[in-house]
Amino acid sequence: MKILVAEDEPIMLKTIELRLKKDGYEVVAVSDGREALKQIRENTPDLLITDIMMPYSSGLELVGAVKQELSNPIPVIILSAMGQEEVVVKAFKLGADDFLNKPFSPNELSLRVKRLFGKSIS
Amino acid sequence: MLYCFYYSARRKKFRDQKEAIKQLIDPYISQSVLMSLETEETNLRLPGFDELQQKCKEAYNRKVIIDELVLARKNLAGQAAEIIEQLYTSLQLQLDSEHKLHSYKWFKKAKGIQELSFMSQRRYWKDIYKLTNHSNEYVRMEAQSGIVRLVGFIGLRFLNSATYQISEWQQVNLLYLLESLPITEFQGIERWLHSNNKSVVIFALKLIASFRRYEQHHLVVKCLQNPEPEIRQQAIKTLSNIYREDTASHIIERYSFETWHNQLESLKSLGKIGEEEIAPFLAGVTNDPDPQIRMEAARALLLCTAAGRQVLQEKAISDQSWNTILEQLENEMRA
């Protein structure tokens with residue numbers, strides 16, 4: 001399973017990458033929206049985990065691209081400090097599958113990924 | 001010319017130094033977090049710790065490391081957050097933050113508060129608490145948020161003695177912060193509702209609304225008679241969050257004494273909480289000379305009464321414009 005992680009904070013990007021690699025996933029880590037879009041179009045992952053506020057394209061724009069451009073849309077988890085009701089609602093309306101508020105626990109993220117892939121959580 | 005050269009060389013030196021330190025600390029943080037999650041051990045010393053300690057002998061390096069740790073701490077929760085805090089204290093970085101806290105420069109003070117509170121350094125709570133009514137707005141705001149971050153709801157005690165106005169922005173920050181904390185019983189609302197500081201009263205009303213303090217309903221109703229229109233407006237909004245059977249009648253009773261803004265707010269609240277028996281009142285308000293008031297009354301009528309639509313259709317017989325209003329409101333509700 002390949003996961004694309006888009007996050008502009010290097011420490012967070014590295015932490016998420018290491019955590020998901022530990023679970024056995026192949027992880028592609030990018031630090032801006034433009035690179036994420038390129039990856040989605042050229043090398044479609046099985047799951048996208050994205051921050052909202054990023055250079056070039058926001059995470060919400062990525063959700064829109066994933067859900068509208070791909071013939072077989074992949075699941076998306078939004079990871080953001082912008083946990084206000086209207087942002088969360090907008091993300092889900094665009095088609096996000098899950099929303100995790102920052103600060104977050106890497107273990108919780110790992111469980112949510114497992115759940116999205118239909119794996120049993122134990 | 002010489003100064004420009006010196007200045008740009010100096011800037012480059014710091015930039016390179018910062019990059020070098022980040023190359024060291026960022027992977028160390030990520031590795032520590034990961035290791036702690038595997039071993040459930042928060043007091044970890046990975047290879048590289050000694051080098052970090054060595055680097056910490058220089059003040060600028062410590063500054064960069066603190067910034068990176070605070071950034072990571074803002075984003076991480078649970079055990080991962082604990083490991084960051086542990087690393088911060090292992091490197092004795094709280095002493096730097098303490099130094100900033102006692103600085104005479106406001107921006108250093110504010111930064112020190114932020115660092116100590118994000119890193120859960122509870123032993124500094126008294127020092128931070130003293131700054132919650134500081135004359136500098138930024139220091140004050142950081143201290144108020146910091147004390148809540150450190151000790152939770154009990155930190156709201158600063159409201160007892162807050163003499164400066166708490167800005168709307170700061171109120172939003174505090175509410176956002178409180179909503180992320182485990183809810184515990186908190187005392188003081190009654191006192192804050194009687195505060196001489198208008199913003200404290202408004203914030204207390206917002207707390208009642210956010211944390212659904214139904215038992216304070218009678219106190220909020222009293223605020224409907226407060227001489228300050230902003231306080232009355234917040235009371236009207238709050239009542240729509242903690243309403244009971246008699247809430248609508250309290251709002252209606254005060255309606256005719258209210259300002260234009262508060263009348264609009266009353267109609268919005270009634271639209272949320274009202275039931276059939278307020279239909280005659282709302283129908284009466286649809287005859288108000290002010291178009292915005294008429295519109296809001298019609299909206300409330302449609303929202304909370306089954307007969308609302310019929311009332312508006314009857315009005316449309318004598319005044320065609322009501323047909324357009326009705327159509328617009330129904331579209332709004334469908335959206």
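Throughout, a chain's letter reflects where its sequence line sits, starting with A, and its residues are numbered from 1.
With a threshold of 4.5 angstrom between heavy atoms, A:K14 approaches chain B through its backbone and through its side chain. Only the side chain of B:I29 comes within contact range of chain A, with at least one heavy atom under 4.5 Å from a heavy atom of that chain. Residue contact with chain A, scored on non-hydrogen atoms closer than 4.5 Å, involves the backbone and the side chain of B:E68 alike.
Taking CZ from B:R11 and CG from B:D16, the interatomic distance works out to 12.0 Å, rounded to the nearest 0.5 Å.
Side chain to side chain, A:E9 and B:N75 fail the donor-acceptor criterion of an N or O pair below 3.5 Å. Judged purely by distance below 3.5 Å, without hydrogens or angles, the side chains of A:N43 and A:K2 pair a donor atom with an acceptor atom.
Under the 6.0 Å distance and 45° angle rule, B:K272 does not count as a cation-pi partner of B:Y243.
Interface remark: of the candidates A:E17, A:R19, A:E108, A:K22, A:K22 forms the most heavy-atom pairs closer than 4.5 Å to chain B.
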